[in-house]
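First comes the structure, then the notes that go with it.
Order of the sequence lines sets the chain letters (A, B, ...), proteins ahead of strands, with each chain counted from 1.
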Amino acid sequence: DTGVSQDPRHKITKRGQNVTFRCDPISEHNRLYWYRQTLGQGPEFLTYFQNEAQLEKSRLLSDRFSAERPKGSFSTLEIQRTEQGDSAMYLCASSSSTSNPGANVLTFGAGSRLTVL
Amino acid sequence: GIQVEQSPPDLILQEGANSTLRCNFSDSVNNLQWFHQNPWGQLINLFYIPSGTKQNGRLSATTVATERYSLLYISSSQTTDSGVYFCAGGTYSSASKIIFGSGTRLSIRP
């Protein structure tokens, strides 16, 4: 098990461009989370999947953000028409609802750092 | 939604000192966890502790669920303990939406 993998680790883009991040969770984990973290702040919840279903989405997530988890395995987070305010670390985490029912222990990836110029 | 408050926001200690970090929740919390974020940004899960006390080496954590707070104790601190410590949890009605506090930045000086 290689843990939670995120790609790319760093992305620099110009304002107005689209970017996509990928997350590969731990293989037996059925839950997947996306968070955003800016300097000096805690991770901010964006969205949550259980298998392929997107069950929660933050009201802070604008229409420019979309996340998918098509086969209940990897997930993508796309940001359209990027703005400078989107510059942040995008973190993915996964957990299992079956190995320990009632517990939701998150394992995080190393993150994808986005810089919008 | 649930509010998570951590204190102190910053803590500077000499190597070998002990410390206590606190996390308060605005509502009854489920799935309470403590994380350490190292200087490279990696978040490591330290404890899953919805109630009671757990220990792992020099670290221990206690959650008093009825009073909506949790404490993280670090004894005999080392420079490698430096980083940001976060607590996180969800409400019982929305247990899967794990919300983080703003963290305690710990700096251990040699």
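- The environment of B/Gln55 atom CD is dense: over 12 non-hydrogen atoms of other residues, nucleotides or ligands sit within 6.0 angstrom.
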- request: Let me see the working for A/Tyr48 and B/Ile98 under side-chain contact (heavy atoms from CB on, under 4.5 Å), right down to the final yes or no.
  value: CA-CA 9 Å; A/Tyr48 154 69; B/Ile98 306 295; over 6 Å; no
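- Residue B/Gln6 does not touch chain A at all, counting heavy-atom pairs closer than 4.5 Å.
- Nearest approach of B/Phe100 to A/Pro43, heavy atoms of both residues: CB-O, 3.4 Å.
- With hydrogens and angles ignored, the 3.5 Å screen pairs no side-chain donor or acceptor of A/Asn104 with any backbone N or O of B/Asn31.
- Hydrophobic clustering places B/Ile2 together with A/Leu55 (ILVMFWY residues linked when any side-chain heavy atoms are closer than 4.5 Å, directly or through intermediates).
- Within 6.0 Å of atom NZ in A/Lys11, 12 or fewer heavy atoms from other residues, nucleotides or ligands are found, so the atom counts as exposed in its surroundings.
- Both B/Phe25 and A/Leu106 are members of a single hydrophobic cluster when ILVMFWY side chains are connected at heavy-atom separations under 4.5 Å.
- At a 4.5 Å heavy-atom cutoff, A/Glu44 makes no contact with chain B through either its backbone or its side chain.
- Around atom CZ of B/Arg22, more than 12 heavy atoms belonging to other residues, nucleotides or ligands sit under 6.0 Å away.
- The two residues A/Phe45 and B/Ile99 make their nearest non-hydrogen contact at CB-CD1, 4.1 Å.
- Within the 3.5 Å criterion, the main-chain N or O of A/Thr107 finds no donor-acceptor partner in the side chain of B/Asn45.
- Atom CZ of B/Arg109 has 12 or fewer heavy atoms from other residues, nucleotides or ligands within 6.0 Å.
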